[in-house]
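A note on names: the letters A, B, ... follow the listed sequences, proteins ahead of strands, and every chain is numbered from 1. Side chains included, hydrogens not; waters and symmetry mates left out as well; all remaining heavy atoms used.
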Amino acid sequence: MTPYSAALLEWYRRERRPLPWRGETDPYRIWVSEVMLQQTQVETVKPYYHRFLARFPKLADLARAELLDVLAIWQGLGYYRRARCLHAAAQRVVAEHGGELPREPAVLRRLPGVGEYTAAAVASLAYGVPVAVVDGNVERVVSRWLALPDDPSTGAGRRAVRALLAERLPAAAPGDFNQAMMELGAMICLPASPRCERCPVTAWCRAYAEGEPARYPVRTAAKAPRRRLHICAVIRREGALLLAQRPAEGRWGGLWELPRVELAPEYDPAEGLRAGLRAALGIEVAVGAKLAGLRHAVSGESIELRAHVCDIVSGEPAALGYAAVGWSASPEELPLPTPQRHMLAMLAIQGGS
DNA sequence: AAGACGTGGTG
DNA sequence: TCACCAAGTCT
């Protein structure tokens, strides 16, 4: 146990936040929390964690469930592939591992949706296997600890971070060390303005000694988001709204939405919407007034989402470019992408559904 | 190996 | 309004 680890662990045991999964020993629950926490903040995860485990208390419950029920719990949390993978992995654990989550990182790693981080997290937190986790927090803490000159997301930086951790991970308490590193990154060693005055390990921190810890980790510049225009159709019939389910693969896979087209900038919006609905649903529509609009971002894109009222001129909706289509009088009960949920709320406020 | 994949908080 | 980023994984 190095002095750094001792100081870190002592701080962690004193200052750690009481989180719902803190101190959890059930490997299944630890796994669920780690998957939900991928690229997702603690406060966002909390309610989903409780709802998910109330609905699927044991791994076997999840394995038995319908995918749509899993997606219904997951809606709004994002990265929906995680839900599909969690469901598929649970079924595989039942089929191939007797219903018990494996303890070896290499075996865990073969489950869908379990990458290097999650395998290490489950192995170390649930089973005490001495393997280090590397997430965004750990990359930042280690980059500052050693004042690493390389971007930790590139080859040289990755190797440097893992080499340091392999050397310093205390074999007696790998789970606590891992959680302590992440907790330090989340509470003290913050990206923009680290709270060094409250940090237990400044004595060993090179970035602190240099005087400008926020310079680390070194990052290569990100590209500007591409701007996109999406138009969705509000088509009503007898008090119901036409909804379509997206294909299982890709963005918002398996979720429902108002039929939507993505427009290239050179197209006329109304003409593009008509052509898109012809291709995706096999219907001819007349495009009416714009009812509402909003802007949202998804990785690498800034999307303006507009809704236009439309009337079907000919044809009956068919699931050509979608997994399914249907008329719904209560679309808010379906699993929807969050921007679609916002859009439906705006439409309801304006004119009812 | 660069890009896709969601959403929400922060400054 | 916008850039950045969060307990990453997959292709």
Side-chain angles (χ1 to χ4, degrees), chain A residues 12 16-17 19-22 24 30-49 71 74-86 88-89 108-126 132-141 151-156 158 175 177-187 189-193 214 217 219-228 246-255 257 294-305 335-342:
Chain A
Y12 174 67
R16 64 186 164 193
R17 293 167 290 175
L19 303 178
W21 45 87
R22 193 80 88 196
E24 182 57 61
I30 291 170
W31 175 42
V32 169
S33 73
E34 292 301 339
V35 172
M36 287 186 169
L37 286 161
Q38 291 169 8
Q39 295 289 286
T40 309
Q41 312 223 345
V42 162
E43 289 307 316
T44 305
V45 165
K46 280 180 181 173
Y48 286 89
Y49 177 77
L71 280 174
W74 206 273
Q75 71 163 309
L77 191 56
Y79 286 134
Y80 299 96
R81 185 173 57 187
R82 291 184 296 179
R84 295 195 293 276
C85 287
L86 200 57
L108 287 162
R109 186 74 179 70
R110 288 186 216 121
L111 296 170
V114 178
E116 181 196 12
Y117 166 80
T118 306
V122 171
S124 65
L125 304 193
V133 303
V134 183
D135 71 337
N137 291 125
V138 175
E139 284 183 349
R140 187 170 58 256
V141 170
D151 182 338
S153 62
T154 65
R158 282 177 56 85
F177 178 83
N178 284 334
Q179 293 188 84
M181 290 287 279
M182 293 191 282
E183 189 77 350
L184 190 73
M187 303 304 294
C189 200
L190 303 177
S193 37
R219 296 284 188 200
T220 50
K223 293 176 180 171
R226 304 175 296 282
R227 294 179 80 86
R228 298 288 190 226
R246 297 176 62 89
E249 298 304 313
R251 184 182 294 172
W252 298 307
L255 275 64
E257 65 180 14
L294 57 86
R295 179 169 287 283
H296 66 101
V298 295
S299 56
E301 296 183 4
S302 175
I303 299 174
E304 180 186 356
L305 180 63
L336 303 167
T338 296
Q340 289 281 322
R341 187 166 295 285
H342 290 154

S.K.: Would you mind telling me which of dA7(C), dA3(C), dG6(B) lies closest to the side-chain atoms of Tyr80(A)?
M.R.: dG6(B)

S.K.: Find the distance between CG (Asn178(A)) and CG (Asn137(A)) and round it off to the nearest 0.5 Å.
M.R.: 12.0 Å

S.K.: If you measure from the C1' atom in dC5(B) to the same atom in dA6(C), how many Å do you get, rounded?
M.R.: 14 Å

S.K.: Could you check Arg251(A) against Gln41(A) and say which one's nearest nucleotide on DNA chain B is further toward the 5' end?
M.R.: Arg251(A)

S.K.: What I want to check is whether an N or O donor and acceptor connect the side chain of Tyr117(A) with the base of dG8(C) at under 3.5 Å.
M.R.: no

S.K.: By nearest heavy atom, map Arg17(A) and Gly113(A) onto DNA chain C; which one lands nearer the 5' end?
M.R.: Arg17(A)

S.K.: With rounding to whole Å, what would you report as the distance between dG11(B) and dA7(C) at their P atoms?
M.R.: 15 Å

S.K.: Using a heavy-atom cut-off of 4.0 Å across all strands, would you classify Ser33(A) as base, sugar-phosphate, or nothing?
M.R.: nothing

S.K.: Could you check whether the rings of His296(A) and Trp252(A) sit parallel, tilted or perpendicular, using 30° and 60° as the cut-offs?
M.R.: tilted

S.K.: Among Glu34(A), Arg82(A), Gln38(A), Arg109(A), exactly one meets side-chain hydrogen bond (donor to acceptor under 3.5 Å, both in side chains) together with Thr118(A). Which residue is that?
M.R.: Gln38(A)

S.K.: What does Val133(A) touch in the nucleic acid at a heavy-atom separation under 4.0 angstrom: a base, only the sugar-phosphate, or nothing?
M.R.: nothing

S.K.: Rounded to whole Å, please give me the gap between CD in Glu249(A) and P in dG6(B).
M.R.: 11 Å

S.K.: Find the distance Trp252(A):CH2 to dT7(B):P and express it as a whole number of Å.
M.R.: 6 Å

S.K.: For atom C1', what is the distance between dT11(C) and dA1(B), given to the nearest Å?
M.R.: 10 Å

S.K.: Considering heavy-atom distances to DNA chain C, does Asp135(A) or Ala224(A) have its closest nucleotide positioned more toward the 5' end?
M.R.: Ala224(A)

S.K.: Applying a 4.0 Å non-hydrogen cut-off, can you work out what Gly76(A) is touching in the nucleic acid: base, sugar-phosphate, or nothing?
M.R.: sugar-phosphate

S.K.: Determine the contact category for Gly136(A): base if any of its heavy atoms lies under 4.0 Å from a base atom, sugar-phosphate if only primed atoms, P, OP1 or OP2 are that close, otherwise nothing.
M.R.: sugar-phosphate

S.K.: Could you check which of dG6(B), dA7(C), dC10(C) has an atom nearest any side-chain atom of Trp21(A)?
M.R.: dA7(C)

S.K.: Would you indicate whether the side-chain heavy atoms of Leu184(A) and Tyr12(A) approach each other to under 4.5 Å?
M.R.: no

S.K.: Would you say Gln39(A) reaches dA6(C)'s phosphate, i.e. side-chain N/O to OP1/OP2 under 4.0 Å?
M.R.: no

S.K.: So which nucleotide from dG6(B), dC5(C), dT9(C) ends up closest to the side chain of Glu116(A)?
M.R.: dT9(C)

S.K.: Could you tell me whether Arg341(A) contacts a base, only the sugar-phosphate backbone, or nothing, with contacts defined as non-hydrogen atoms closer than 4.0 Å?
M.R.: nothing

S.K.: Output the rounded distance in Å from CZ (Arg295(A)) to C1' (dT1(C)).
M.R.: 10 Å

S.K.: Give the rounded distance in Å between these two atoms: NZ of Lys46(A) and P of dT7(B).
M.R.: 21 Å

S.K.: If you check every side-chain atom of Arg81(A), which of dC10(C), dA7(C), dG9(B) has the closest atom?
M.R.: dC10(C)

S.K.: For side-chain contact (heavy atoms from CB on, under 4.5 Å), just list the numbers for Arg16(A) and Arg22(A), CA-CA rounded to whole Å, side-chain angles, deciding distance to a tenth of an Å, and then say yes or no.
M.R.: CA-CA 9 Å; Arg16(A) 64 186 164 193; Arg22(A) 193 80 88 196; 4.1 Å; yes

S.K.: Rounded off to whole Å, could you give me the CE-to-P distance for the Met181(A) and dA6(C) pair?
M.R.: 14 Å

S.K.: Round to the nearest Å and state the distance from Glu301(A) atom CD to dC5(B) atom C1'.
M.R.: 10 Å

S.K.: Name the closest nucleotide to the Arg227(A) side chain, picking from dC5(B), dA7(C), dC2(C).
M.R.: dC2(C)

S.K.: Can you find a donor-acceptor N/O pair under 3.5 angstrom joining the side chain of Thr40(A) to the base of dG8(C)?
M.R.: no

S.K.: Could you work out the separation of dG6(B) and dT1(C) based on their P atoms and round it to a whole Å?
M.R.: 24 Å

S.K.: Within the 4.0 Å heavy-atom criterion, would you say Leu190(A) contacts the bases, only the backbone, or no part of the nucleic acid?
M.R.: nothing

S.K.: Name the closest nucleotide to the Pro339(A) side chain, picking from dC5(C), dG8(C), dT7(B).
M.R.: dT7(B)

S.K.: Specify the separation, in whole Å, of atom CG of Leu77(A) and atom P of dG9(B).
M.R.: 13 Å

S.K.: dC10(C) P sits how many Å from Leu86(A) CG, rounded?
M.R.: 12 Å

S.K.: Side chain of Val298(A) only, please: which of dG6(B), dT9(C), dC5(C) is the nearest?
M.R.: dG6(B)

S.K.: At under 4.0 Å, does any side-chain N or O of Arg158(A) touch on OP1 or OP2 of dG8(C)?
M.R.: no

S.K.: Quick one: is dG8(C) close enough that its OP1 or OP2 comes under 4.0 Å of any side-chain N or O from Thr118(A)?
M.R.: no

S.K.: Inspect the contact between Arg17(A) and Glu183(A) and indicate whether a charged nitrogen and a carboxylate oxygen are less than 4.0 angstrom apart.
M.R.: yes

S.K.: Where the side chain of Arg22(A) is concerned, which of dC10(C), dC5(C), dA7(C) is the nearest nucleotide?
M.R.: dA7(C)

S.K.: So which atom in Val35(A) and which in Trp74(A) form the shortest heavy-atom distance, rounded to 0.1 Å?
M.R.: CG1-CH2, 3.9 Å

S.K.: Do Leu19(A) and Lys46(A) come within less than 4.5 Å of each other through their side chains, counting heavy atoms only?
M.R.: yes

